[in-house]
A.B. asks: 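Here it is, the structure in full.
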Number of protein chains: 2
Amino acid sequence: MILGMARAATTSDVFNAIAEPQRRQIPVLLRGGERPVTEVAGELGMTQPGASKHLRVLREVGLVQDRRAGKQRLYAPDAAGLRPVHEWTGGFAEFWNESFDRLEAYVQDLKQTRDEE
Amino acid sequence: MILGMARAATTSDVFNAIAEPQRRQIPVLLRGGERPVTEVAGELGMTQPGASKHLRVLREVGLVQDRRAGKQRLYAPDAAGLRPVHEWTGGFAEFWNESFDRLEAYVQDLKQTRDEE
DNA sequence: GAATCATATGCCGATATCGGCATGCGTCAA
DNA sequence: TTGACGCATGCCGATATCGGCATATGATTC
């Protein structure tokens, strides 16, 4: 009989994946371009195995993609998995209220940025 | 000497607060109106102490507010603390791309809803 | 095939939760 | 004051991580 779970089996859940501060930095870094594991580890000050483990979690929840390039494996952001989080938080936008118009402005900015490309 | 921390002291961090599936349900419920602890526990199928603990975490990261009303303590959503998460995820919006127009539509919907009230 | 480089996995100790239970504390009514 | 009610806290066992280290797996070159 099982009593008391430390954390309701959260791995492979996006919300949990980004709960880790160190892990959260990785997608940000990759936004600047795809990188091999070693480089991620170096730039974020973690060990190679550490980076590999975090990248595995991020891949499982759809936050990074990887492609093989010779001996290396290049990781790139795949923020599709982040949409649910963005939408969930957005569902509370009405409670920020004072800054609501800024959200609209922010989206308009984003739209403009995209259309200019 | 300290080696190996289970989770880099994340409590009192919004990202961690919403990483817990059960805890994440509470702000959603409170969106329907302020409620006392017992009611939260009842509607979400948790014990009263369980609800109290989750509410404490949520309060510490600014996701719920509370006011005393007689013997009761009423909790209400205070999504201000959710803005950083929304903005952080929004920083990756350019990587969703295909669904970008839907985000715009979603915001417009929100705007309309608000203006109608 | 052997050596080498890049990355992933496995094992470990330390630790931060989570849920259940009992109990403490604060408030209101009689 | 005493009792009843609502809620918060403390203690506990079970467990899911996290980081460090050593090592296995993969791929390339000689």
Side-chain angles (χ1 to χ4, degrees), chain A residues 1-26 29-30 34-61 63-76, chain B residues 1-26 29-30 34-61 63-76:
Chain A
M1 188 174 177
I2 302 171
L3 292 176
M5 312 207 298
R7 190 164 210 128
T10 54
T11 308
S12 77
D13 172 285
V14 192
F15 287 88
N16 182 63
I18 63 173
E20 245 294 315
Q22 293 226 96
R23 193 159 47 215
R24 198 160 57 230
Q25 292 184 275
I26 296 181
L29 175 65
L30 294 180
E34 57 181 8
R35 282 173 174 72
V37 179
T38 309
E39 209 167 315
V40 171
E43 300 200 38
L44 296 183
M46 28 179 148
T47 64
Q48 175 269 309
S52 275
K53 286 172 185 171
H54 282 312
L55 282 165
R56 178 185 173 86
V57 174
L58 291 171
R59 185 182 7 168
E60 283 174 348
V61 301
L63 284 182
V64 301
Q65 286 182 332
D66 65 299
R67 71 180 180 88
R68 312 203 53 270
K71 270 191 282 192
Q72 305 188 119
R73 181 178 289 266
L74 298 177
Y75 284 89
Chain B
M1 186 176 179
I2 303 170
L3 291 175
M5 312 206 298
R7 189 164 211 132
T10 53
T11 307
S12 76
D13 171 286
V14 192
F15 288 88
N16 182 63
I18 62 172
E20 244 294 316
Q22 293 226 92
R23 194 159 46 214
R24 198 160 57 230
Q25 292 185 275
I26 296 182
L29 176 65
L30 294 180
E34 57 181 8
R35 282 173 174 72
V37 179
T38 310
E39 210 167 313
V40 171
E43 299 199 37
L44 296 183
M46 28 179 146
T47 64
Q48 174 268 308
S52 275
K53 286 172 186 171
H54 283 312
L55 282 165
R56 178 185 172 88
V57 174
L58 292 172
R59 185 181 10 168
E60 283 174 349
V61 300
L63 285 181
V64 301
Q65 286 182 332
D66 66 300
R67 71 180 180 89
R68 312 204 51 270
K71 271 191 283 191
Q72 304 189 119
R73 181 179 288 266
L74 297 177
Y75 283 89

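None of the values given here were measured: they were computed from a predicted structure. Within every chain, numbering begins at 1; the chains are lettered A, B, ... in the order of the sequence lines, protein sequences first and strands thereafter.
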A.B. asks: Looking only at the side chain of A:Glu20 (C-beta and beyond, no hydrogens), which of the listed nucleotides D:dC18, C:dA8, D:dC7 gets closest?
C.D. replies: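 Nearest to the side chain of A:Glu20 among the choices is D:dC18.
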A.B. asks: Looking at A:Arg68, does any N or O in its side chain come under 4.0 Å of the phosphate oxygens OP1/OP2 on D:dG26?
C.D. replies: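 Checking A:Arg68 against D:dG26: no side-chain N or O falls below 4.0 Å of OP1 or OP2.
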A.B. asks: Any base atoms under 4.0 Å from B:Gly50, or only sugar-phosphate, or nothing? Heavy atoms, all strands.
C.D. replies: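 Nothing, no heavy atom under 4.0 Å.
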A.B. asks: Is A:Thr38 touching bases, backbone alone, or none of the nucleic acid, heavy atoms closer than 4.0 Å?
C.D. replies: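 Sugar-phosphate contact only - A:Thr38 comes under 4.0 Å of backbone atoms but never of a base.
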A.B. asks: For DNA chain D, what residues of residues 40-49 of chain A have any heavy atom nearer than 4.0 Å?
C.D. replies: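 The stretch gives A:Thr47, A:Pro49 as the residues lying under 4.0 Å from the strand, ordered by number.
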A.B. asks: Looking at C:dT9, I'd like to know if its phosphate oxygens (OP1 or OP2) sit under 4.0 Å from a side-chain N or O belonging to A:Arg56.
C.D. replies: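 Looking at the OP1 and OP2 atoms of C:dT9, one of them is under 4.0 Å from a side-chain N or O of A:Arg56.
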A.B. asks: Under 4.0 Å: is that the gap between some side-chain N or O of A:Arg23 and OP1 or OP2 of D:dT17?
C.D. replies: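 Answer no for this pair, as no side-chain N or O of A:Arg23 is under 4.0 Å from OP1 or OP2.
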A.B. asks: May I ask you to verify if any side-chain N or O of A:Tyr75 is less than 4.0 angstrom from the OP1 or OP2 atom of C:dA8?
C.D. replies: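 So the side chain of A:Tyr75 is within the cut-off, an N or O lying under 4.0 Å from OP1 or OP2 of C:dA8.
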A.B. asks: Measure CG/A:Leu55 against C1'/D:dC18 and give the value in whole Å, please.
C.D. replies: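 One finds 15 Å between C1' of D:dC18 and CG of A:Leu55, rounded.
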A.B. asks: Tell me the interatomic distance from A:Gln22, atom CD, to C:dA16, atom C1', rounded to whole angstroms.
C.D. replies: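 Going from A:Gln22 (CD) to C:dA16 (C1'), I get 16 Å.
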A.B. asks: Does OP1 or OP2 of C:dC28 have a side-chain N or O of B:Gln72 closer than 4.0 Å?
C.D. replies: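 It does not, given that no N or O in the side chain of B:Gln72 lies less than 4.0 Å from OP1 or OP2 of C:dC28.
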A.B. asks: Out of curiosity, A:Leu58 CG to A:Asp66 CG, how far, rounded to the nearest 0.5 Å?
C.D. replies: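 Output value for this atom pair is 11.5 Å.
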A.B. asks: Strictly below 4.0 Å: does B:His54 bring a side-chain N or O up to OP1 or OP2 of C:dG19?
C.D. replies: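 For C:dG19, OP1 or OP2 has a side-chain N or O of B:His54 closer than 4.0 Å.
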A.B. asks: Quickly work out the A:Asp13 CG to D:dA16 C1' distance and round it to whole Å.
C.D. replies: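 That distance rounds to 14 Å.
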A.B. asks: Separation of A:Lys71 atom NZ from C:dT4 atom P, in whole Å?
C.D. replies: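 About 11 Å, once rounded to whole Å.
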A.B. asks: Rounding to a whole Å, what distance do you find between B:Lys53:NZ and D:dT9:C1'?
C.D. replies: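 Taking atom C1' of D:dT9 as the reference, NZ of B:Lys53 is at 8 Å.
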A.B. asks: Rounded off to whole Å, could you give me the CD-to-C1' distance for the A:Glu39 and C:dC5 pair?
C.D. replies: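 The distance from CD of A:Glu39 to C1' of C:dC5 comes to 16 Å, rounded to the nearest Å.
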